[in-house]
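Data block below; observations after.
Just follow the structure's listing: the first ligand is 1, and inside any ligand the first atom is 1. Below, each value reflects all heavy atoms present in this structure, side chains not excepted, and no hydrogens, waters or symmetry copies.
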Amino acid sequence: MAAEAGGFRILHGYLGIPAQEAMRDAIREVARAAPFFHPMTPWGKPMRVRMTSAGRYGWYSDRKGYRYVRQHPSGVAWPAIPEAVLDVWRALASGERMPDCCLVNFYDAGARMGLHRDADEADFGWPVLSISLGDPGLFRMGGPERSDPTRSVWLESGDVVVMGGAARLAYHGIDRIRAGGSRLLADGGRINLTLRVVD
Ligand code: MD3
Ligand code: FE
């Protein structure tokens, strides 16, 4: 089921349960090679969401600011983006250019992500694609200005969102997680994958 809201293309239930399970297992392997960590905000507070990445670049933040880096903080290269994840990109975003980064966000029951824009990439002509796994998250999407009106929608396990065109630079965030809303992750929580072309 596809829904269009202000340039955000939301595909509820895009991945069935077996595909979600396969993706969860592939992400578990990514996290084994490149463990989740709490990035430090530029103002010195650890982020509540845990993160890791796959691909040529990983997203990173510390006192020096937000940026893409070639290695996990441990010094190892980021693992490859799982093929099942690339298949979703090919089907919905582009067959021409593969993403450079698959950012993996993990939200426990109390985690949230404040309203922000994703603007650390070189070319906003490429869409960003998001895949949700596990507990539902209340996604808030706005417009190109922080003061623009917002709408909220629950993103559930298997939902995919494509942000292209005007939506690419829209403000967005995750207000809360509905604990116990999915059985995909044995210990609960929500995983979100975002695929980006970086340079
Ligand atoms: C709209 N993640 O990692 S995914 C992020 O659910 C991020 O973890 C949220 O925002 C999450 O930066 C939201 C949906 C999403 C991702 C990237 C976008 C929406 C976007 C980039 C541009 C516009
Ligand atoms: Fe974002």
Handout entry: Neighbour count above 12 (heavy atom, 6.0 Å) for Arg97 CZ
Key = yes
Practice task
Using only heavy-atom distances, determine whether the side chains of Asp159 and Ser132 contain a donor-acceptor pair under 3.5 Å.
Solution key: no
Fill in the blank from the handout: For atom 15 (C) of ligand 1, the closest protein heavy atom turns out to be Met163 CE, 3.3 Å
Practice task
Record the part of Arg140 in heavy-atom contact with ligand 1 below 4.0 Å; permitted values are side chain, backbone, both and neither.
Solution key: neither
Handout entry: Which segment of Arg117 sits under 4.0 Å of ligand 1 when only heavy atoms are counted
Key = neither
Fill in the blank from the handout: Of Phe8, Phe106, Phe139, Tyr107, the residue with the heavy atom nearest atom 11 (C) of ligand 1 is Tyr107
Handout entry: Side-chain donor-acceptor pair present, Arg196, Tyr68, cut-off under 3.5 Å
Key = yes
Handout entry: Atom indices of ligand 1 within 4.0 angstrom of Leu103 heavy atoms, with elements
Key = 3 (O)
Handout entry: Met51 near ligand 1 by a heavy-atom separation under 4.0 Å
Key = no
Practice task
Carefully, step by step, assess Asp108 and Arg50 under the rule salt bridge (Lys or Arg N to Asp or Glu O under 4.0 Å).
Solution key: CA-CA 9 Å; Asp108 63 24; Arg50 285 191 283 155; 5.8 Å; no
Completion exercise
closest protein heavy atom to atom 5 (C) of ligand 1 is Arg196 NH2, 3.4 Å
Handout entry: Atom CZ of Arg32: over 12 foreign heavy atoms under 6.0 Å
Key = no
Handout entry: Nearest non-hydrogen protein atom, atom 3 (O) of ligand 1
Key = Asn105 OD1, 2.9 Å
Exercise for the section: Please write down residue, atom name and distance for the protein heavy atom closest to atom 22 (C) of ligand 1. Expected result: Arg168 O, 3.1 Å
Practice task
For residues Trp59 and Tyr66, establish whether the separation of their ring centroids is below 6.0 Å.
Solution key: yes
Practice task
List the steps and the verdict of salt bridge (Lys or Arg N to Asp or Glu O under 4.0 Å) for Arg190 and Glu156.
Solution key: CA-CA 9 Å; Arg190 171 175 184 264; Glu156 304 205 25; over 6 Å; no
Handout entry: Pairing of Asp100 and Arg56 as salt bridge, 4.0 angstrom limit
Key = yes
Practice task
Just let me know how Met141 lines up against ligand 1, side chain, backbone, both or neither, with a heavy-atom cut-off below 4.0 Å.
Solution key: neither
Exercise for the section: Go through the steps for Glu29 and Arg24 under the test salt bridge (Lys or Arg N to Asp or Glu O under 4.0 Å), then give the verdict. Expected result: CA-CA 9 Å; Glu29 290 305 304; Arg24 169 201 64 196; over 6 Å; no
Problem - Nearest neighbour of atom 4 (S) of ligand 1 from the list Ala119, Ala167, Ser130, Gly173, on a heavy-atom basis - result: Ser130
Fill in the blank from the handout: the Fe ion (ligand 2) -> Asp118, closest N, O or S atom is OD1
Exercise for the section: Please note down the angle at the Fe ion (ligand 2) between NE2 of His172 and NE2 of His116, to the nearest 10°. Expected result: 100°
Handout entry: Centroid-centroid under 6.0 Å between His72 and Tyr60 rings
Key = no
Fill in the blank from the handout: Under 4.0 Å from one or more heavy atoms of Arg190, ligand 1 contributes atoms 6 (O), 8 (O), 11 (C)
Handout entry: Protein heavy-atom partner closest to atom 7 (C) of ligand 1 - residue, atom, separation in Å
Key = Met113 SD, 3.6 Å
Handout entry: Part of Val49 with heavy atoms under 4.0 Å of ligand 1, whether side chain, backbone, both or neither
Key = neither
